[in-house]
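Report on the following structure.
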Amino acid sequence: MIHLTDKDTKMPLKYDENSKNKNFSEVTDNDDLQYTIASSVEDFNFNKQASLDDLFDELLLSNSIFKNKEFLRHTYTPEILPHRKNEIQKLASILVSAVKGEIPSNIFVYGKTGTGKTVVVKYVGNGLVKKVGGKAFLKTSPTIDCNTGLPKPDLSANLKMNMPITFIYINCEVVDTQYRLLSKLSEYFGQSVPLTGWPTDKIYDVFSQSLDSEKKLVIIILDEVDQLFKKGGDDVLYNLTRINSDLENAKVSIIGISNDLKFIEFLDPRVRSSLGEEEIIFPPYDAPQLMDILEDRSKISFNDSVINPGVIPLCAAFAAQEHGDARRALDLLRTAGEIAERQNAKKVMEPHVRIAKDRIEQDRVSEVIKTLPTQSKLILYSVYLLEKYMPGEIITGDVFNIYKDLSNILKLDILTQRRVSDLISELDMLGILNAKVVSKGRYGRTREISLGVTPTQIKSLLENDFKIKKVSSYVPPIQHKLV
DNA sequence: TGTCCACTGGAAGGGAGGGCTT
DNA sequence: AAGCCCTCCCTTCCAGTGGACA
C-alpha cells in the first residue's frame, strides 16, 4: 500500500498495487499506510512507469471518465439548443423569406459572450440550407449521431429550389479590415486575391462580379462585427449593405453579430438603419438554464455516474457569475473532467471544478502575458516594480519614468508617453492591469494603475523573458515617483 | 470663479514592410 | 525598377477634462 497526497486537491490517497483496479482511492481510518513515496499523483505515476510504452498502455487502459470530450467543445453544434427557442423562432421567421425566394432583412444579433448567438445563427443557417439547397460555409462540426458517434448524413442535396442559398460565416476578429473581408469573401467564390497589394475598389469589383456570376442568395454572417467597425470604420458595412443595387443575379443579406450593443450607435445612420432592419437580443443564461445545458452535454460526453451531483450546479454557478456564459460553463466541466482523468479519479468532484476554474484563469493570463510585445512587457514590469518598491498610488507618469529607465538599460527605442498611455489601456482591457482615469484637481488628470494579477505570477512569467531578465536587478529611484 | 495641472483620447499623418502592377 | 496600395505601429498635435486651489 502506498500513501500520497494529491498536489491539487490536497486529498490523502492510497494506491494498492495488488488490487484488481489499479486506481487511487481515498484513505479510510482502517487503512494501514506503510510507505509514502511521492508528493503527488503525477509524480507517482511518472516515477513508477517502467517505459514510455507502459505509460501509454496505462493511460489507454485507465478507467476513462469521458465518452466523447468533443461534445463539450463550443465548436460543437448540438441537435437541440435548450432555452433558445424564442431566438431560433425569431431568426427563422426572418430568414423564412429566403425559402419563398425573397431577400431576408439584414439582422443585427446582440448578446454577451457565451449566450449562444453564433451557435443559434449557424444552427438556423444549416437548417435553412438543408430546406432550400445550397452551400453552407459555416465551419461547424458535422451533426453527430449521439448513438453511433458518427456524422449524420447531409440531406440538403435532396431539396434544391430555384434560388440556392450560400451561407458564409466570417469571424471579424480575424478578418478585421475591409480588404481582408472582401478578399476572404472572394475566396468563397473561387477568386484568389493576394493578401495585400490590390486597391480596395479592385477587390470590391472582383468580389461583386464573382458573386453575381449566378442566381443565388448569399447570407453573410459577420461575427464580432464591431471589430470590423473599430478597425475599418463603417465604409465596409456601408458597401456591403448597399451591394444589392450593383447586383443583377445574386442578392446579399447580412447578419451582424456583436456583444457590444453600443457599437451600432456609432455607425453612420444609413448603415445603422440598414444593418439593424431586424434586431435579436440574446439574454444571458441564468444558473438553472446553464445546468440544463450542462446536463444535456454531460449525458453524451461522460460515462455513466462519473459526475458527482454537486459538480454541474457548481459549474453553472461559476459561469452564471460571469454574465451567464455557457462557453465558460462547458470549459469548466471539460477541464474538471480532464483533471479528474489525469488523477485517475473515478468521479469528477467539486474540488476538480475549483481547480479547473483557477487553471483556466491562470492559463489565460500566462498565455496573454507571454505573447505580449516587449514594450508592453516593459510597461507591465514597470508597474510590478512600482508596486514592489514604492507602495501607494501608481499613475501614468510614474510608469513612464520607470519604463524609460528600463528601455535605456536594454537599449530599446523609447515610445512616447502618448503611446505608453495607449498600451496601458490595452493591458487594462486584457485584465492584466487595472487602470482607472481619475482627476487629481490641480495635480491633473491621469490614470491610477494597479496590477490585475498577482505579483508572483507577473514576476515568474516576465523574468523568464530573456530581455526582462537583464533588468531584474533594477530598483526604481525614489525621484521617479510623482506623488 | 478662474486658473492650473497632468494627463486623456481623438485625429491626422509618417514611414517601414510586404505585395502587386506596369 | 518604379509606382501604387494596404496594414501596422508609431508620433505629433491639440482640444478637452475635472477637481484642487488661490
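Proteins get letters first, then strands, A, B, ... in listed order; numbering begins at 1 in each.
- When the shell of 6.0 Å around NZ of A/Lys388 is examined, it contains more than 12 heavy atoms from other residues, nucleotides or ligands.
- As a whole-Å value, the separation of A/Ile203 CD1 from C/dC5 C1' is 10 Å.
- Of the candidates C/dC10, B/dG9, B/dC7, B/dG9 carries the atom nearest the A/Val437 side chain, counting heavy atoms from C-beta on.
- Taking only side-chain nitrogens and oxygens, A/Ser421 comes nearer than 4.0 Å to OP1 or OP2 of B/dT8.
- Checked by distance alone, A/Ser439 brings no side-chain donor or acceptor within 3.5 Å of a matching partner on the base of C/dG19.
- For A/Ile395, whose side chain is taken as the heavy atoms from C-beta onward, the closest listed nucleotide among B/dC7, C/dT7, B/dC4 is B/dC7.
- For A/Tyr403 and B/dC7, the OH to C1' distance is 18 Å, given to the nearest whole Å.
- With the nearest nucleotide of DNA chain B identified for both A/Pro194 and A/Asp422, A/Asp422 has the one nearer the 5' end.
- Within the nucleic acid shown, A/Ile414 comes within 4.0 Å of sugar-phosphate atoms alone, with no base atom in reach, counting heavy atoms only.
- One can place CG of A/Asp428 at 14 Å from C1' of B/dG9, the figure rounded to the nearest angstrom.
- Using a 4.0 Å cut-off, some side-chain N or O of A/Arg447 falls inside it from OP1 or OP2 of B/dT8.
- Checking B/dG10, C/dC6, C/dC21 against every side-chain atom of A/Tyr443, the shortest atom distance belongs to C/dC21.
- Taking atom CD1 on A/Ile394 and atom P on B/dC7, their separation rounds to 14 Å, with Å as the unit.
- Note on A/Arg419: a side-chain N or O is less than 4.0 Å away from OP1 or OP2 of C/dC10.
- Close to B/dT21, at under 4.0 Å from its OP1 or OP2, lies a side-chain N or O of A/Lys202.
- Side-chain N/O atoms of A/Gln178 include none lying less than 4.0 angstrom from OP1 or OP2 on C/dC6.
- If you take CG of A/Asp176 and P of C/dC9, they are 11 Å apart, rounded to a whole angstrom.
- Salt bridge status for A/Lys90 with A/Glu278: absent, with no side-chain N to carboxylate O gap under 4.0 Å.
- As a whole-Å value, the separation of A/Ile379 CD1 from C/dC10 P is 9 Å.
- Within a 6.0 Å sphere centred on NZ of A/Lys216, other residues, nucleotides and ligands contribute more than 12 heavy atoms.
- Distance from the side chain of A/Ser425 is smallest for B/dG9 among the nucleotides B/dG9, C/dC10, C/dC6.
- At whole-Å resolution of the value, NZ in A/Lys440 and P in C/dC21 are 12 Å apart.
- Ionic pairing of A/Arg364 and A/Glu361 is present here: one or more N-O contacts between side-chain nitrogen and carboxylate oxygen are shorter than 4.0 angstrom.
- Take the nearest nucleotide of DNA chain B for A/Tyr179 and for A/Arg445: the residue whose nucleotide is more 5' is A/Arg445.
- Considering only side-chain N and O atoms, A/Trp198 lies under 4.0 angstrom from the phosphate OP1 or OP2 of B/dT21.
- One atom, CD1 of A/Ile424, and another, P of B/dT8, lie 7 Å apart when rounded to the nearest Å.
- For A/Phe207 and A/Tyr204, the ring centers sit 6.0 Å or farther from each other.
- Side-chain N/O atoms of A/Thr416 include none lying less than 4.0 angstrom from OP1 or OP2 on C/dT12.
- In the set C/dT7, B/dC7, C/dG19, the nucleotide with an atom closest to the side chain of A/Thr396 is B/dC7.
- In this structure, A/Asp331 pairs ionically with A/Arg334, as a charged nitrogen and a carboxylate oxygen lie closer than 4.0 Å.
- Counting atom types as modelled, A/Arg418 pairs a side-chain N or O with a base atom of B/dG10 as donor and acceptor under 3.5 Å.
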